[in-house]
Structures are given as C-alpha cells and as structure tokens.
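These notes concern the structure reproduced below.
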Amino acid sequence: MYQSKIAGLGKYLPDRIVTNDDLSKVMETSDEWIQERTGIKERRYAKKHEETTTTMAAKASTIAIDRAGITKEDVDFIIFATLSPDYYFPGCGVLLQRELGITKTEIGALDIRNQCSGFIYALSIADQYIKSGMYKNILVVGSEMHSMGLDFSTRGRAVTVIFGDGAGAAIVQRTDNKDQGILSTKLHSDGTYAEKLAFLAPGSHGGYHNDQLEEPVDYGFDKSIDYGEIFFTEKMLNEGKYYPRMEGQFVFKLAVTKFPEVIGEVLEDAKLETSDINMLIPHQANLRIASFVQKRLGLGDDQVFNNIQKYGNTTAASIPIAFCEAWEEGKIKEGDLVCLAAFGSGFTWGAALLRF
Ligand code: ACO
C-alpha cells in the first residue's frame, strides 16, 4: 500500500478587506462585540462580478501545483469542497478543471458538501484513493464566497459577521516513504440537528413548482413575478429564508466536545499523544472555540495556529488557508506532526493526522 503526503499548499485571499467597523455601517453591530465573541477583526470579500468560488480556487490551486513541483497535467483527480458554489449545479469541481485548463485529460472531479469539515472529508477521500493506488496527484480544494449570500441587515448580524471569502488548496501525492504523510483520518456525522446550522431554501421542501403536476401549494407566490425562473418566493424574500441560519450557542457547545474527541481518535489510531502534536490547525470557526479546544488538550500557543482574526470563518477553505499560512510562516517544518480538525454544519466533524 502507498502512503499519501501533502506535496504542495496554496491559498488565495481576495484583496478587499472588510473590517468590523465597515459592517457596523450597514447593521447594528460593533467591533467590540465581534472581537469579544469571535476573535474576528476583519475578513476578505471577493470582487463582485469578477471573482467566484471557482476563480479563487484556481488561484490557490495554481500555487499548490507549482509548489508540488508538478504541472496541471499531472493532476489526476480533483476534489472540491464548498458550501457556496458558483452554481447550484454543476459543482465547482468541473468548473475548476475548466478554469485551470485541464479538460484535455478528462480527469474525474468530485464535489464535497460537508461545509466546515469539507476539507477533512476531501483529504480523507484523497488519502484512500492514493493508498489504493488509483491516483498519484490529487488536487484537494476548499473555497468559499460567503459574501454573495449573507444577510447584511441587522437581522442577519449573528451569522454575517462571522464569515469571509477565500480559498486553499493542497496536492495530495503518492509517496513510498512510510514515515511521511497522512497517518490517520476520522470522519463523523450526526444529522439529528441538521437544521441548527443550515441554509434551507430554496429546496425540495418547497414541493413541485408546477401546479399541473400537483395540487397547488401556497408558497406565498406573487403572481406578477416569474418564480419559475428565479425560484424564490416573496415570502421567502421577506422572511430572509434564503440566508444561512445558525443557533450559535448550540453549535458552540457541541463543537467544543467533538473537536477534542476526534483529535483523540486520530492520535490513538497513530499511537501518538497530544504532546506529540507540533501544530494543531483547527477549522477557524470562532477563536473562542479554538481556545477552548487548546486548553482542553493542554496545548501551548506555539502548537495551535489561528488566523480567523484576519479572514473570519471561511468554512471549507479555513483549514487549507491556515495550513498554507502556517507553512509559509515557517511554523510547520518537514517531519512535524500536524493535526487538522473540523466541526460544522450537518453536523459533520473529522480530523486528519499527518507527518509533514
Ligand atoms: N453584533 C451585536 N450584537 C449581536 C450580534 C452582532 N453581530 N449578533 C447577535 N447579537 C446580539 C443578539 O441579538 C443578542 O441580543 P439580545 O440579548 O438583546 O437578544 C446578543 O447579541 C447575544 O446573542 P447570542 O446569539 O446569544 O450571542 P452569543 O454570545 O451566543 O454569540 C456567536 C453568538 C458568536 C455566534 C456564538 O454563539 C458562537 O460563537 N457560536 C458558535 C458557533 C460558531 O462559531 N459558528 C461558526 C460557524 S459554524 C462552524 O464553523 C462550526
């Protein structure tokens, strides 16, 4: 069996910085509230009509490919994690393939819908494909453009202030070196509380959108609007149903339990201890969650990497962005034991332990 290593990392953050004070101009919030509750000082927003989830992913991917010392033609599979895709379908995997100009090789492209833990799920899948011998160089990407779908009124403030845009990418590569690479991945989910952190509409709960096929259902349609094309109802618009919803405290309580649990699982699997970890990169959900986890595990400040202060929560992109930044800053060196861990909507959670 082969081993899979991280051969290259890349990240892309849009230029536009949006501070907490900028947000307080459009909604009732404050720099003090946001920093105290989340640790976030600013986040990045992509350029409207110029950048998309896919274009940001392509920039991060190009860097990861270069750093891996391969060419785009060497990539033999793409795994793309996002909750904010360019289109409802097709997914961003094929769009990234097109954006990178690697359609000639007709490699497969897979989309992952696991929100905050999307990158860990993607990495775990890549690891299995490499270990089985199926692929040699897999491009694993997390990219999000949250700014396109947030409620910028006071109604949405508890969610909107948390999220930012950006992309991170990794080349997961086959190696024969048994002392290097991914040692263990563990994935979990529990759909019991799916709606506690979710984006609900439009969706199949709405039923058929054709009165001839079914007894008409009252969606609150305004007949003057052609909803057949835009798929939204006025009721949905008025009620802000098409924005993400989150029961923050519920998420918080579960997250601080599941993070340490799953980190413990990968360590046990690899027969290693918490003290062996050189760098923990938690999903950048909230600085308070990360601090809680750090304390619970008894890790020092130099063993945990956070950059949510600058970028906010970039969901599936947060781990590869942080991983890449920690490496760029020289905080991760060859041979270091790195632990990546995430918890998020679904709920889904997971961890990956690797020897860099
Ligand atoms: N600015 C000012 N006031 C606000 C804001 C805001 N942006 N948002 C909410 N408030 C107000 C509320 O309206 C409420 O006011 P009230 O007491 O008058 O009703 C008050 O602040 C407290 O609201 P809570 O929602 O109880 O605030 P809480 O202290 O729980 O903080 C937060 C909210 C930051 C979301 C917190 O629950 C949390 O950290 N949750 C974890 C979830 C998380 O991190 N999610 C990230 C995405 S999911 C993931 O990646 C795992």
Side-chain angles (χ1 to χ4, degrees), residues 18-43 81-84 112-121 142-144 146-147 149-166 168 187-190 193-200 240 243-263 281-294 306-309 311-322 340-351:
V18 177
T19 64
N20 294 340
D21 286 337
D22 290 333
L23 289 181
S24 69
K25 286 177 195 143
V26 295
M27 63 179 75
E28 282 173 36
T29 189
S30 66
D31 179 47
E32 193 192 354
W33 193 98
I34 299 170
Q35 283 210 51
E36 191 189 308
R37 298 295 217 288
T38 69
I40 300 165
K41 295 177 198 257
E42 58 192 40
R43 73 284 297 137
T82 186
L83 65 69
S84 52
I112 304 284
R113 295 277 315 262
N114 283 64
Q115 298 67 250
C116 306
S117 52
F119 188 80
I120 300 287
Y121 269 72
S143 180
E144 303 285 2
H146 288 127
S147 57
L150 296 170
D151 183 353
F152 287 99
S153 72
T154 296
R155 179 182 60 189
R157 63 184 177 176
V159 172
T160 300
V161 300
I162 292 175
F163 295 97
D165 300 344
L187 307 176
H188 293 285
S189 64
D190 177 359
Y193 305 111
E195 288 78 14
K196 298 270 186 204
L197 177 49
F199 185 106
L200 300 178
Y243 291 123
R245 63 189 298 278
M246 175 174 75
E247 290 185 30
Q249 291 183 11
F250 191 90
V251 176
F252 193 101
K253 281 179 197 151
L254 219 55
V256 294
T257 312
K258 296 300 180 190
F259 266 107
E261 239 176 61
V262 75
I263 292 167
I281 299 177
H283 160 53
Q284 300 293 290
N286 182 317
L287 196 57
R288 285 197 308 163
I289 294 179
S291 305
F292 198 98
V293 173
Q294 176 179 344
N306 289 299
N307 60 7
I308 191 170
Q309 301 91 329
Y311 307 136
N313 178 340
T314 56
T315 314
S318 96
I319 288 180
I321 290 173
L340 315 174
F343 176 89
S345 159
F347 292 112
T348 62
W349 62 101

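All values below come from the heavy atoms of this structure, side chains included, with hydrogens, waters and symmetry mates left out. Atoms within each ligand, like the ligands themselves, are counted from 1 in listed order.
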Report all protein residues having a heavy-atom distance below 4.0 Å to some atom of ligand 1; order the list by chain, then number. E28, T29, W33, R37, T38, C116, R157, A158, V161, I162, F163, L197, M246, G248, Q249, V251, F252, H283, A285, N286, R288, I289, N313, F343, G344
Calculate, to the nearest 0.5 Å, the distance between atoms CD1 and NE2 belonging to I120 and H283 respectively. 10.0 Å
Partner set under side chain to side chain contact (heavy atoms under 4.5 Å, CB included) for V256, not counting sequence neighbours: F252, I289, F292
Might you confirm whether atom NZ of K41 has over 12 heavy atoms from other residues, nucleotides or ligands at distances under 6.0 Å? no
Is it true that a side-chain atom of N20 and a backbone atom of I40 form a donor plus acceptor pair closer than 3.5 Å? yes
Name all residues meeting the side chain to side chain contact (heavy atoms under 4.5 Å, CB included) criterion together with T315; count only those two or more places apart in sequence or in a different chain, and write none if there are none. L83, Q115, C116, E144, H146, F163, N313
The criterion is side chain to side chain contact (heavy atoms under 4.5 Å, CB included); which residues satisfy it with P282, sequence neighbours excluded? F259, L280, Q284, A290, V304, N306
